[in-house]
Structures are given as C-alpha cells and as structure tokens.
> 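This is the structure, below, for whatever I ask next.
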Amino acid sequence: MTAKLTKDYIVNQIKRNIRGDDRKLDEMRELTIERGVSANAEGSARVKLGKTEVIAGIKMDLAEPYPDSQDKGVLTSSAEFLPLAAPEFEAGRPGEVEVELGRVVDRGIREAEVIDFKKLCIVEGEKVWRVFMDIVVINHDGNLMDASGLAAMAAILDAKMPTIDKEYKIDYNKREKPLPLTTIALPITVMKCGNKLIIDTTADEEEAIDTRLTVTTNESGNISSMQKGGPGGFTVEEIVEICKIAGKKTDELIKKHFKSKKK
Amino acid sequence: MTAKLTKDYIVNQIKRNIRGDDRKLDEMRELTIERGVSANAEGSARVKLGKTEVIAGIKMDLAEPYPDSQDKGVLTSSAEFLPLAAPEFEAGRPGEVEVELGRVVDRGIREAEVIDFKKLCIVEGEKVWRVFMDIVVINHDGNLMDASGLAAMAAILDAKMPTIDKEYKIDYNKREKPLPLTTIALPITVMKCGNKLIIDTTADEEEAIDTRLTVTTNESGNISSMQKGGPGGFTVEEIVEICKIAGKKTDELIKKHFKSKKK
Amino acid sequence: MTAKLTKDYIVNQIKRNIRGDDRKLDEMRELTIERGVSANAEGSARVKLGKTEVIAGIKMDLAEPYPDSQDKGVLTSSAEFLPLAAPEFEAGRPGEVEVELGRVVDRGIREAEVIDFKKLCIVEGEKVWRVFMDIVVINHDGNLMDASGLAAMAAILDAKMPTIDKEYKIDYNKREKPLPLTTIALPITVMKCGNKLIIDTTADEEEAIDTRLTVTTNESGNISSMQKGGPGGFTVEEIVEICKIAGKKTDELIKKHFKSKKK
Amino acid sequence: MKSRNCLKKAKVILMSEKLINKGIRPDGRKLDEIRPLKIKAGVVDRADGSAYVEFGTTKVISAVYGPKKVHPRHMENSKKAILKVRYNMIPFSVYDRKRPGYDKRSVEIAKVISEALENVIFLEEFPKSAIDIDMEIIQADAGTRVAAITAASVALADAGIPMRGLISSVAAGRVEGNIVLDLTKEEEDVSDAIDLPIAMLARTGEITLLQMDGDASVDEIEKIVRMTEKGCRDIEKIQGKALIEKYNANTA
Amino acid sequence: MKSRNCLKKAKVILMSEKLINKGIRPDGRKLDEIRPLKIKAGVVDRADGSAYVEFGTTKVISAVYGPKKVHPRHMENSKKAILKVRYNMIPFSVYDRKRPGYDKRSVEIAKVISEALENVIFLEEFPKSAIDIDMEIIQADAGTRVAAITAASVALADAGIPMRGLISSVAAGRVEGNIVLDLTKEEEDVSDAIDLPIAMLARTGEITLLQMDGDASVDEIEKIVRMTEKGCRDIEKIQGKALIEKYNANTA
Amino acid sequence: MKSRNCLKKAKVILMSEKLINKGIRPDGRKLDEIRPLKIKAGVVDRADGSAYVEFGTTKVISAVYGPKKVHPRHMENSKKAILKVRYNMIPFSVYDRKRPGYDKRSVEIAKVISEALENVIFLEEFPKSAIDIDMEIIQADAGTRVAAITAASVALADAGIPMRGLISSVAAGRVEGNIVLDLTKEEEDVSDAIDLPIAMLARTGEITLLQMDGDASVDEIEKIVRMTEKGCRDIEKIQGKALIEKYNANTA
C-alpha cells in the first residue's frame, strides 16, 4: 500500500467517523501528566498523550523588565523537537514548525494572563523575575500543540519560586512559593477533514489531513489565543463550532487534571 | 543569442560609444529622490536611478562611545539585498557583495566627516548618539554603489534627531533638530571597458564589463574614499581621469539634488 | 600503491618497530620553540615539532569573575585549524576536532593550576584578569595535541602582564610582570598500534592508526588531565604504561625546554 | 514599536477618555470601515510580479519570482510547485531599529502566510518548480501581516500565476467593547483590545489565515470574524482595480 | 550548576567535617558501590531503539534511529555505516538554565562517546547506512556522560544493532584521599576530588572512553581505573536485565 | 589596535612636534622608502606554495592549495579555475584580542584581494579546478593587507601557478603634508593622514587593487599613486629574490 493510498484510506475512514485507534472524532487519547520530572527546574511536567510525549520545564532568574512594561516580570519561551523524538527531526537551528509551536504555546499562556506578571516585579524598571518556559518533544505521535500546552500549564503549576537575599542573589535550593497565577488556559487543536472536525490527531492522521485551528481557552471559558495552520480554509461557522469544541474540552481537562491541584 | 554573444555585443557597442538605452558613456540615468518614505525612521529616502531602486534609513539611539573616540557619536551601517530585488538574491547572511557595498557607503560618509560626530556626544566617555544607517536594495538594475550612496546622503539630510529627557529617555515622537552636518559627499562609480570609461552602468552592462573604481567626493571637491572593484586593472592616468569625472558628476548631483535642501 | 596499502604498510612497519622517518617508537621529532612571535600579544610562542607547526598566544583583559569563583581570574581558550595548514582544513565554524583540541589543552593548563588564578583577582567578585589562550595550527603533520600544549605552555611563560591605572584602564604598551605560575604541565599523546605504543605521530601515521591517550603531567610528575580518543580501546595495563611514558617524556621536555627559563 | 506603545498607553490613561465616541473612531472612520488602502501593481522591475500596498500608514512591498527551477534540485516536488515565502521588516520600519535578518516572529508570520496562500494557488500546474514570494515591510504600523498578504496576493496575480481567486486580508477586533474593523496602533493599545487578523478567499468566504490574541468570548469571536468578511470584500475590490490599472497601463 | 556548587562548597568548608567516614559515604554507599541505577529499554515509540536511565539523580533518555539511508548522500561510506552521535542537555536540566543548542562541551562529549561506541558496533555490516544516536539529559547531576553512554548502549541493543557486547560506563575518583566509585555532585565538589569517567566493553574489560581532570599520581590513576572495572560489570548486569525485561514484555 | 592608537595620538598631541623633519621619518626612512621587508618562500610544508612576509613589524603567512578539484562540485566553472581567497587576523595579532572567525572587514579585504589577483593568474588554464589562497596575519601593524597580497603573490609563484607577473603591494599616503611611502601605524595616526593601499602588476604598472580613506585633492591622489609605483617595483625585486632563494635551496 503506497503512502498516497494510506492517506486516502485514513481520510475516507474519518469521513465515516472511524479512526485507526477506534476513538470518536472528538475523543482525546489517554492523558497522563507527571509533575516534577527534572528536580533542577523550578517546575516541570511530562505529558503523555497517547504515544506523544512532551516535557516542559520552568526556570527562573532575574532580569530587567521590558521598556513598555516596567512593573512586570518577563516570559521567555522555546520549543525544541529533540532529534530522538522522530526520524525526521534534525538537530540544529529550530525550524519554522518549532518556532510556531513555541510561539503559540507562549501566547496562550501570555494572553490569558495565566501568570500574574505584576507580582513578579521586584524593583520597578530595574529588576523583575524572568520565567523561562522550555518545551522539549520526546516522542512525536501527533498533536504536539495540545500536548505542549498541557505540559507548559502543568509545569507552571508545579513550579516553586526560588528565593532571593537582600543582594538579589538567587538560592535555587530554597524554593518556597508557587508562581502567582490568575487562571488556567489550555490549547485544543481541531483539525478539518472534509466537513468533519476531529481532535487530538495522531502523526498518521496528520500525514493525511493538515488544516487545523488551535484555540486556547481559559477557566472562565474565554478564548485567549487562536492560530490557524495548514493549507486549507475554514468557514465562519466552522470556526465558531471549533471554539465551542475547544471550550468544552478545555473545561473537561481542567476539571479532570488541574482543578484539584490549583490553590 | 547566447549570454556570451550578448556580452560581446554590449562591449563592442560601448567601444563605439553606444549604450543600450541611448545614453552617452558619461551620462547618468534619470534620478529621483523621495524623502521621508518610512515615518518611523529618523530619516529616510528612496532613490530611483533608472530602474535601480534603493531605500536608505536613519535610526538613532544612545550608546557608549568607542574607546579611541570618547567624545564622538557612533555610526553603524548595513546594506542588504532584499530577496525581492533580483532573482539571484538569496535571503540569509549578507554575502561579500553586500558587505562591500555597506562598507564603501559607510566609509564615504565617515571619512568625509559628513556628520559632525563631535556634536553627537552627550556625556564624554559615557553616552553618545549612535546613528544606524541601513540600506535596502529594492530593485537591482546596476550601479548599486552610487544609488546607495545617494540614498544614504538623502536620508541623512532628511533626518530629524529624536529628543531626550533628563534621564536620557528617548522620545521618538518629538523629533526636532536635523543631524549636525559638515559637508555632502557622494560616490560615483566609473567602469572600464577597453579604453572607455563609463558611468551609471545597468545590470546588463555589469554582466559584460566588471572593473570599476568608486570615488567619493565632497562639496569642496576633495576625495574622501576610493574603492577599486572587479578583476581588471587601471593605469595611473585612468585613475586620475576617473577622479575628475567623479568630481564633476558629484558637483552636478549636489547642485541639482542636494544644494537647495541643505541648510 | 593505494591508500589502504599504504596504511597497512605503516602498521606493519610499526609492529616491527620501524617508522618512516627512522625514529624509535618512543622518540619525539625535533622540537624548536620560539617565543615572542607576535609582539601585540602579551605572550606568544611558535612550536615546530618536525613539520608540525603551531602558534599560541596569550592576550589579557579585565572581566567579571565566574559566580562560583569570585576571587579568581578567568581562562578562555580556543584552537583553530587555519585553512593554510592542511588541504582538508576548511574555514568556518570550528569542527569537533578543533573543539576537542582546544578543550584538552585548556583543561591541561587549568586542572594542573599552571596559572595561579587567585593572583589574577583585582577586586573580588567584580574585576579579575581574563586570560585568552588562543592556538592556531599553521602546518599539520600530526600530533597537534602535544604541539599545541607545548605552544600554550611556552606562550604562558613568555607572557608579560599589561599594567592598569587607578581607573582600571589597561596599558598594553607597559607590560611588566610575568604571569603568576605554580607549575609547568605538558600533554603527551601515546597512540596504540596492535600491542605497540608510539608517540609523536606524523599525519601519515595518524591516517593508519587512530586510537590515542593524551596525558598531561606537571612538574611534580602528577597527572592533571587525560583524554582518550579514536575508535579503539585500552587495557588498564596499557593506560598505566602510557601514564608512565607521558611522565618520563614530560620530565625530559621540561628539563630541556622549560626549566632554565622559568623563574 | 515599544517606546511608542508606551507613550500611547500613557496618553490613553491620562486622558481617561474614550477613543471611540458614538461609533466614530479617532481617525473619523466608522466601526466597519477600513483605513485608506492604496495598491499599485508592478512596482519591482526585475520581479515576475509585484505590488506596493499602503494600508493606513503601514507600507509594504511584495514581489514574486517564478514559477522557476528549484535550487537545490533535491528540494523539488514532482507533483507541484514548492512555495517559498519570506516576510521581513526592514531595519528602519519600526521605532526601535530592528537588526537585519529574520527573527522568530518573521519566521512564524511567513509560515502562516504561506499556508494562507498554498491552497489558493494552482501549485499542481507547475511540478518541479518553485514560486518565491517576498514581503518587505517598509513602514510598520498596525496590520503589517494583513497588508503583506494583500500585497502578495496582488503580486501573484501580477505574475500571472493562476489562483482560485484573490486572497484579501484584514484584521478586526474589539476596542472599548466595540467590534471594529482594521484597528490602528492607537486602538490596539487600548487595554481591552483584541486583534484578530484574517485572510480570506473573498470570492468564497473561505478563511485561510486566522490568528488571535486577547481575551474574548465565543460570541465576540463570531462577530469579529463576520466583520472581517465585509472588510475582505472591500479590499478585494481595490486589489482588482489595481490589477486592472496595471493591465491597462501595459496595454495602453 | 554553578550556583549550587558554590553553596555546596561553602557548606563543606563551614562544617569542616569529612564527607566519608569509615568507608561510608554521605548517601550510605560503600566506597566501591554505584548509585541506584534504573534502566528501562524501549521508551521512545518512534525510535528503532531507546532507553531511559536514572543514575542516582541524573536522568537521561537515549534513542537510536537506523540503520537508515544517509542524507545527504555524498556523506555515505561504501565500507560501513556512519555513526552520528548527539549529546544534549535540555534547558531546564541544570540549575542555571541552558540556552537550547549545542555548546563546545556537548560537541566534545558527543565526539568521545562516538569514539567509545565506534569499534563496538559492527558498522561494516551496514555499508552506505547511517546510525543516529541521540542522548538527552533530562536532569543533570554528577555523571551525565556515563549515564548517557549507558543509555545509548541499551538503546543500540534495543534497536537490534549487532555489537561486540554492551558498553557500560561509570566514573570513579578520589574524595578525601579515598578511591571511590561513582561520585555524587557533593563528592565532586570536595577540594581534592578527581573524577575519571570511563566506558568499558565489560565483556572484555577494554576501555573505550577515558577522561580525567584533577591532580593524581600514576598509582592513584591505576587504582581508580581498576575500581571502574567493578562498576562497569555491575552496570552491565542491570543493562542486560533491562533488555530482557523489554524482550519479555514484547513477547508476553 | 584601538587602545594603542589612543595612546599614540595622545603622544603626538602632547609633543606638539612634527613626526617628519627635513624629509626624514621617525624610523629614519626617507619619504619614498619602504619599511624593511623580509620574504621567505616555502614555509608551509603541506601547502602547494607558501610565503612568510615581515613588512616592518607586520607579519603574515600565506599558503596556496591548488589547482585542485572543486568541492562541492556544482560550484565548478567549465571555463576556468575558481579562486577562493581568505584573509584572517589571528586572535592575538592585535592589541585588543580578536574573536576567531571572519568579520566584515576580513570579508571585504578578501574580496578586493581576490579581485586584485584574478586577472593576473591564468585561471583559464585550469578549468573545473579551484585555487585556494589563505592569508593569516600573525602580527598586525600598518599595512596588513599589502603585506598579505605581497605574500600571496609569492605563494602563488611558489605553487608554480602561471601568472602574468608578480603582484606587488604597498600603501602610500600623506603625513603632515608630505607624500610618503609605506606608512607606519604612528604615521597613520597623524590627524591629516591619508592611507592609500595599492596592488600592482609591477611588470606593467597596472593597478589591480586600490582603496583610500581620508580627504585629499585629485592632485594629491595622483602623487600618492605615482609614489606607490616606485614602492611596488622595489618590492617586486625582493619577491623575486625570495623565489630564487627557494629555487636554489631546492636544487642545491
């Protein structure tokens, strides 16, 4: 069976509401979130979404604030496809897919104001906490956006801030308070196949269908970030429908995996 | 007709004082200079020389002076061939042609002391104005050196310095004084074809002939910078002749395009 | 004769204790060390080991100390294969062989505490001397590790520290004191060919045999650094034997080339 | 842009006044009105197609080269043309000078623009070929990416590359509770502002680019997206006019 | 790691006490005992072989892809497979966040690890092929490179790549005059500490990686190297067990 | 070099004296005299040709490899050899340590030197080949580029590459109103100094490299260029001698 035939087969099955792993179109794969996977990080989490595996980590240090937000902490993000995660991943400068992944996850957290950056200001205009949010992909079996967003959110919740002395020297061994938070926000990516909408796609499915909309929703059900990807297009109705799916799924995920752990 | 035949044809015609666009060997193409093409820049200018089109811009900020000129402002230049300007231009690290272009235009301005850098010192040894002079090539139809030099000079004349408050914070919305100037300087590039000297070459002509001398002359007729390029050579007599041509053409250009506008 | 035959020939000869240049297996090529080859450097030395030629130079400036050694000077090293040194050397980012060479020479000097970095502290936690140790390979005829280590050590001994005024301004024209030293340390690289051990290999020999151990020994006969290279392996007995060879050769080299010159 | 943002924000707060009064915006526009839009096709002589766009005070040039040979050749696709899209801000297009070269933002924007155009171009008509699209921001105010796509679309048509239609692009969003079309920088800096850039195949209403930052309900998102539909249709007319002008000039 | 080193050093000096008393180390180990070592084979689904290793508090994942085609093709060797080895610390594996990308340290470590494995793999069985080995440090304490090689060796076996045996790796060294196996970060920070990481084909005792920093006599070097022999044999058993567990799980 | 320039300048100003008195320069030279020039051919064993040049206190090594195969092959020219020229200052050749690697200055100098040599070498005799020229500044004082070309020219001849003649190179300029040959750093730092480096096919007087910075009349330029003619002829003799010495040593 050639690659083309496989793709056609996957598409035809999806049109009949059938997926390779017997899931429903709007059903996520099994999700496990393990926190504290790298003790040297302020916070970290490993997310397994089916066979997709992503680790996110939070590191913190002190930096100058940006000129246009002198009283706020700073967020710096990166996403990296480790060469071990898939045969097609190459070491070297991050490609455009990695850049987009990092920026979409970053904006989801930033625009939802998940972290209360005003509380990360130490001396206005001079010294603020800088939060590094790094995402590494360990195994790529599709839906890296949602897995990365889940890992980032879990790492943020896992994080304990290091302490500083009077001379602003950081003690990474004495980590005390959690990061100040205002909400929880998660991305849900919905892909389009003919007139079907499908979530949490595997790598095989993403070979066959490629147009997606990622919607980040917060605890209150509001949308903080959207990003369309892939060559195809959407109608207004589809976009609204996708927003609703994302809202519903985010709500379920927060209830099941985050709610109890947030204070 | 092969490329080789075309080149030979162009060379033979030049030897008979004939150019493809009916110009004389020492005649420039039509020149238009439009100032203020990018309002976010302190100064900017678009130069069209025939079909060649170049934009130069001036941006300013504050920096430390160089250790060997503690009482002077700083000039930083770049030249970039935008990928849209010619099919052969590639995005990425600047090539040696871009590097040379940027450096020759930079030295022309710097060595002629066009800008009075002593007047750009704010606190000696600590804080001076830094002038960024960036050149982008929009359409490449030959003679990029002269077009870039003209654009740079026009952008400098167009520039208004931003203001600073007591804490050395820059207000880019309140631009007041022009840059302090001492003279005007322009490069003229003369190419050699057999024993003929020819100015303002087109891209086609530059495919056929390739040895050039760029001479930057200032208002008083003195030469501030020279740069030979291309594989061939010159005699002393030719060099002197080229200096004279450059002086004459610069004088004409200053009178026609710059004199009235300088205060 | 093909490359493979040549390699087999060299190996077979070495097994019979015969080398192309009639040396014994544990005999070094003629060594000359010339100091002060670049007057703008604080110290420099050119080493010729047979046809292999390496130059090392020491430059110094002021820098902040590292956070974990606030009262010590800083060492920064590089090794570069100049494109002129061999047909296979390419300009550009240093390759893994250059990186390893630079790091092994650096560690040899650093771990033996050749330079007394505590004496290079000016203001604790704020200002210390930074020592740049740069190695350039001029002609590559094998055993670059030992030639580079010898050149680095000789350049360190050649160095005179520039002076500073009250405002910590450096005067490179007034160089007075030598670098504060505690010992001399040199790397010796022993290669393995069957059950033979061989030192100071030529480029031809290194084409044929490729497993090596570099051992840096100091004046007191102690080992400060070791690095195994190449695809093969060693037994414990071979490692001990190599350490002894390195100790003996280092002792000879120090006596012959360094002892008299150190104060 | 940061320094300017800062100032604008300060101004807004100090004035404690609304920007938008009775449906009229600071520059006199209605809520569903785009900024003045000027388009000129055929501005880069060497290119196969090109366009200059002034969208309010944002200025952009786009040029298209191709279909042409793929270099290096092993990158070629035997089924269709490959699309190489570059988006760049020239160093002096912004208040705080930008170092030459691509940053993460420009890489991301080039990617989403490439995906917005990919299905609209009949790439399969040019197997083993490359089509290069370059967009250069000359002056950056609000809406650089939508101006860039609008220009690229005209440049593609100017190059004679067959497409399913023109792609038009505009942003809409929320300012002081109002749903507005084509925000200015000043409006983007209002504290409750949302910005939602869209690209659309105006002929069919298909949305091929969509990004959004802010905090909005699904209802608001729907209203904002609907408003961009009107904007894109307005823009498509101006794009078409520019192409006709170019065609007439050529045949005159 | 610097900030932590600093603190540890201060602590050691302040306490003015020995870390090692009567042959028992701070974590209760004997002098010739390795830290707890957990190995799991087959942890990366996409890879041809993989392994996760926890060596004390150091955590590493390694994956192997290959034998596969060489890309670009002119790099291929008609006699044997080429080995591409990458060693990397993820940004949050260390106290002071590491910028993504390879630095000189990781380039050097990848080189010595590549050379430690090269003769052990039957590369000549796969001419014109490539074998890629990637090692990613998830949490870095003492012994990241020895944990990485130990993991890579299991990943190679898991990928079914024929080898002359398993490569096992551990460091030994000197702490307060004692020759000890498998130093912790705390032990490495003692002022007289020497660290000598080794990789060994445990089946034959052949040493294929050796590095050392410090100040030691030849006698001490000999004792330290001999101690790693015991360590590597202990490690080889755990490696073997991990492979059997994976095999049993697959066939169960 | 900056720190030193600074100091020199201060000295010059403090002394308020002329450097050049009655046509005699600080180092005792006449106005039209070059600095002591030492040339040795054949200094890099591995290279096909090489030369070491000491021009005053400036030291440079140049080596030539080729004609050889072009790599990668798609760069080759079926009509002639391609010339790859590299110019580099080693990190400790200057007062302020230079980071390893090429900067814009070295890229530009390599370009103008390449163009100075291109028509002089019979490149068309070696189609599909490459000739690599590397110049490394070991100690930098005034005139690094002219020393580098002078060395490269001898290295090319030493490699047996056919040329239309030797290229010789020197700078001339103006110091305190005097037209002088081969300026020192001290002379370059005088406030009215002009520096005009030239390369010349001394056999014909053809000028193949020319750069100039400063402020001079056309008359002065003419006098300066004429003075370099004499300098280049002097240099050519020393270049020729070095080649004969090398030849004699080889055949002895």
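A, B, ... follow the sequence lines: proteins, then strands. Residue 1 opens every chain. The model shown is predicted, which means the values in this text are computed figures rather than measured ones.
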> Can we say A:E237 and D:R226 salt-bridge, meaning some charged N sits less than 4.0 Å from an Asp/Glu carboxylate O?
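Judged by the 4.0 Å cut-off on N to carboxylate O distance, A:E237 and D:R226 do form a salt bridge.
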> Would one find more than 12 heavy atoms of other residues, nucleotides or ligands at under 6.0 Å from atom NZ of A:K192?
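More than 12 within 6.0 Å, yes.
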> State whether A:E100 and D:K111 are salt-bridged, where the test is any N-O pair (Lys NZ or Arg NE/NH1/NH2 against Asp/Glu carboxylate O) under 4.0 Å.
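Yes, A:E100 and D:K111 are salt-bridged.
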> So does A:K118 have more than 12 non-hydrogen atoms from other groups sitting under 6.0 Å from NZ?
no
> Does NZ in D:K128 sit with more than 12 non-hydrogen atoms of other residues, nucleotides or ligands closer than 6.0 Å?
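Atom NZ in D:K128 is not crowded, with 12 or fewer foreign heavy atoms closer than 6.0 Å.
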> Which heavy atom of D:D213 sits nearest a heavy atom of A:S225, and at what distance?
OD1-OG, 4.1 Å
> A quick test of your reading: do over 12 heavy atoms of other residues, nucleotides or ligands sit less than 6.0 Å from CD of A:E252?
yes
> Looking only at heavy atoms, which two atoms of D:I221 and A:C243 are closest? And how far apart?
CG2-SG, 4.1 Å
> May I ask you to decide whether A:R107 forms a salt bridge with D:E108, counting only side-chain N to carboxylate O separations under 4.0 Å?
yes
> Quick one: are A:K228 and D:V112 in side-chain contact, heavy atoms under 4.5 Å?
no
> Taking the side chain as everything from C-beta on, heavy atoms only, tell me whether D:M212 gets closer than 4.5 Å to A:I223.
yes
> Check whether D:L210 gets within reach of chain A through its side chain, its backbone, both or neither, counting any heavy atom under 4.5 Å.
both
> Need one label for A:V240: side chain, backbone, both or neither, based on atoms under 4.5 Å from any heavy atom in chain D.
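Both parts, heavy atoms under 4.5 Å.
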> Who among D:E229, D:K104, D:E222 has the most heavy-atom pairs with chain A under 4.5 Å?
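Answer, by heavy-atom pair count under 4.5 Å with chain A: D:K104.
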> Taking the side chain from D:E115 and the backbone from A:P231, do they hold a donor-acceptor pair closer than 3.5 Å?
no
> If you count heavy atoms of other groups shown closer than 6.0 angstrom to CD of A:E27, is the number above 12?
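Above 12, so yes.
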> Pick one of side chain, backbone, both or neither for A:N218, based on which atoms fall under 4.5 Å of a heavy atom in chain D.
side chain
> Which atoms of A:V97 are under 4.5 Å from chain D, going by heavy atoms: the side chain, the backbone, both sets, or neither?
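Its backbone and side chain both get close to chain D.
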> Could you give the distance from CE (A:M226) to CD1 (D:I224), rounded to the nearest 0.5 Å?
9.5 Å
> Taking atom CD of A:E113 as the centre, report whether more than 12 heavy atoms of other residues, nucleotides or ligands fall under 6.0 Å from it.
no
> With rounding to the nearest 0.5 Å, note down the distance linking CD1 in D:I207 to CD1 in A:I239.
3.5 Å
> At a heavy-atom distance under 4.5 Å, which candidate from D:V218, D:D215, D:V107 has the highest pair count against chain A?
D:D215
> Chain A heavy atoms under 4.5 Å from D:E220: which part of the residue, side chain, backbone, both or neither?
neither
